[in-house]
2 protein chains.
Amino acid sequence: MSASGQQGRKPRADVQRNRAALLEAAQRHFLRYGVGTSLEAVAKEAGVGPGTLYRHFPTREALLAAVLQTRSEELVARQEEIARLGDADKALEQWLRALEEYFSAFSGLPEPLMAAARALDPGNPLTVPCDILTTATDEYVRAAQRTGTVRESVQGYDLFLAACSVAWIKGTGATDEEALNRLRALIASGYRERGDQM
Amino acid sequence: MSASGQQGRKPRADVQRNRAALLEAAQRHFLRYGVGTSLEAVAKEAGVGPGTLYRHFPTREALLAAVLQTRSEELVARQEEIARLGDADKALEQWLRALEEYFSAFSGLPEPLMAAARALDPGNPLTVPCDILTTATDEYVRAAQRTGTVRESVQGYDLFLAACSVAWIKGTGATDEEALNRLRALIASGYRERGDQM
DNA sequence: ACCTGAACACCGTTCAAGT
DNA sequence: ACCTGAACACCGTTCAAGT
């Protein structure tokens with residue numbers, strides 16, 4: 001409405017510095033302590049007061065979404081590389097693994113992502129990456145369906161959920177890699193058209 | 001070691017009363033606020049000090065495990081009823097739904113259960129129900145494998161994980177019932193031998 | 001316009017003092 | 001032997017005071 005700084009093109013230098021410091025500190029803390037890390041500690045490490053953190057990122061989700069942006073872009077970059085594989089079935093499989101790794105970036109990440117997956121709360125900033133990734137998954141699914149390797153009843157969202165589940169299980173540490181592989185195989189065998197290669 | 005009350009057969013009347021009151025209050029709070037509810041509030045509602053709660057249940061998991069015991073027994077009761085179905089494939093399917101409901105008893109329950117699933121921490125009291133339920137699942141799986149409807153590579157633990165995942169997804173509210181059904185169908189189609197009924 | 005940091009609320013957990 | 005509840009530590013969040 002007014003000529004406030006909201007849309008201004010020249011944020012003050014200290015504002016930019018604070019934002020960058022916050023993002024860097026947040027990423028470090030998310031990596032080390034998971035998404036539930038103390039925001040107070042993040043602010044302290046960024047060298048700002050807690051109020052400054054809340055001004056820049058009004059919720060934990062907003063901070064998370066900002067930190068995730070880089071990773072989402074990297075994932076999209078991989079998307080093009082994967083698509084070049086030619087084999088739609090193989091591409092879908094690879095994509096699901098890439099998704100899973102994305103969900104495993106920080107301990108506890110699947111939880112807030114799932115909470116944002118259904119766009120019930122339009123204010124949740126995590127809805128953005130969820131939408132993008134679900135849409136991308138859907139493209140892979142449809143490509144594979146066109147070649148007849150994936151069942152028609154499967155939706156991209158279903159496999160988005162499945163990949164998130166596997167990442168969640170991995171994060172809880174409830175399984176070794178072998179059990180995870182059996183689970184992945186079970187899911188793959190679930191979405192594939194019958195009569196395929198084992 | 002000593003003649004302490006640890007093994008005594010006659011717990012003091014107030015001890016029994018406190019324990020019962022704590023369990024009842026805890027169940028109410030778990031139901032209403034999920035497994036992360038304030039233990040301080042539980043103690044207050046039970047009419048005891050926080051110290052008393054910690055004396056009876058040294059960790060949140062211990063309290064949870066005690067509250068879950070009733071439900072586990074109910075589930076085992078259902079197990080016998082389900083087994084009477086005759087059709088091993090149908091029985092497995094029903095059992096997995098019963099498992100899923102068990103995991104959905106309290107919001108946030110899948111998380112601590114998964115953390116206890118792999119018996120890495122022998123002190124975790126939640127390992128007990130996990131072991132029982134995994135073993136039970138394995139029996140259903142093997143019965144179905146004998147009739148040839150379930151793939152040989154599937155283990156009971158895999159489906160235990162899968163059921164827990166579905167409950168977790170349901171708990172995050174990320175989906176409507178329709179998407180959950182697609183997911184359940186995907187899992188079923190994943191563990192079933194190929195060439196079966198759709 | 002933005003930052004600071006004190007202040008408030010809330011909770012988990014412990015432990016000295018009681019009975 | 002068990003209970004009580006004050007006390008400590010920690011964190012999220014807000015907001016009056018500063019620059």
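A, B, ... follow the sequence lines: proteins, then strands. Residue 1 opens every chain.
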Is the CD atom of A:E24 crowded by more than 12 outside heavy atoms at less than 6.0 Å? no
Let me have DNA chain C in dot-bracket notation, would you? Count Watson-Crick plus G-U wobble pairs, both distances under 3.5 Å, and use [ ] for pairs crossing earlier ones and | for inter-strand partners. ||.|||||...|||||.||
Salt-bridge criterion met for A:R78 and A:E101 (N-O under 4.0 Å): yes
Check the distance between D:dA1's P and B:R17's CZ and give it to me in whole angstrom. 20 Å
Report yes if a side-chain nitrogen or oxygen of B:N18 is closer than 4.0 Å to either non-bridging phosphate oxygen (OP1 or OP2) of D:dC3; otherwise report no. yes
Between the side chains of B:R184 and B:E177, is the shortest nitrogen-to-carboxylate-oxygen separation below 4.0 Å, so that they form an ion pair? yes
Which of these nucleotides, C:dT13, D:dC2, C:dC3, is closest to any side-chain atom of A:R55? C:dC3
Would B:S189 and A:R151 count as having a side-chain donor-acceptor pair, cut-off 3.5 Å? yes
So, does B:S38 get its side chain near the phosphate of C:dG12, meaning an N or O under 4.0 Å from OP1 or OP2? yes
Using a heavy-atom cut-off of under 4.0 Å over every strand shown, decide if B:T37 touches base, sugar-phosphate, or nothing. sugar-phosphate
Rounded to whole angstrom units, what separation is found between the CG atom of A:L22 and the P atom of C:dC2? 14 Å
Is there a donor-acceptor pair under 3.5 Å between the side chain of B:D158 and the backbone N or O of B:Q155? yes
Using the ring centroid of each side chain, check whether B:F160 and B:F103 are separated by less than 6.0 Å. yes
Between CZ of B:R60 and C1' of C:dC11 the distance, given in whole Å, is 10 Å
Atom pair distance, as rounded to whole Å: CG in A:L53 and P in D:dC15: 17 Å
Near DNA chain D, under 4.0 Å by heavy atom, which residues of residues 39-52 of chain A? A:L39, A:E40, A:P50, A:G51
Once you round to the nearest 0.5 Å, how far does CG of B:L22 lie from CG of B:L53? 5.0 Å
Passes side chain to side chain contact (heavy atoms under 4.5 Å, CB included), B:W168 versus B:L109? Steps please. CA-CA 8 Å; B:W168 173 71; B:L109 178 57; over 6 Å; no
Rounded interatomic separation in angstrom, taking OH from B:Y54 and P from C:dT14: 7 Å
Interatomic distance, CG@A:N181 vs OG@B:S153, rounded to 0.5 Å, equals 12.0 Å
For A:F57 and C:dC2, give me the distance from atom CZ to atom C1', rounded to whole Å. 15 Å
Using a cut-off of less than 4.0 Å, is there contact between a side-chain N or O of A:H56 and OP1 or OP2 of C:dC2? no
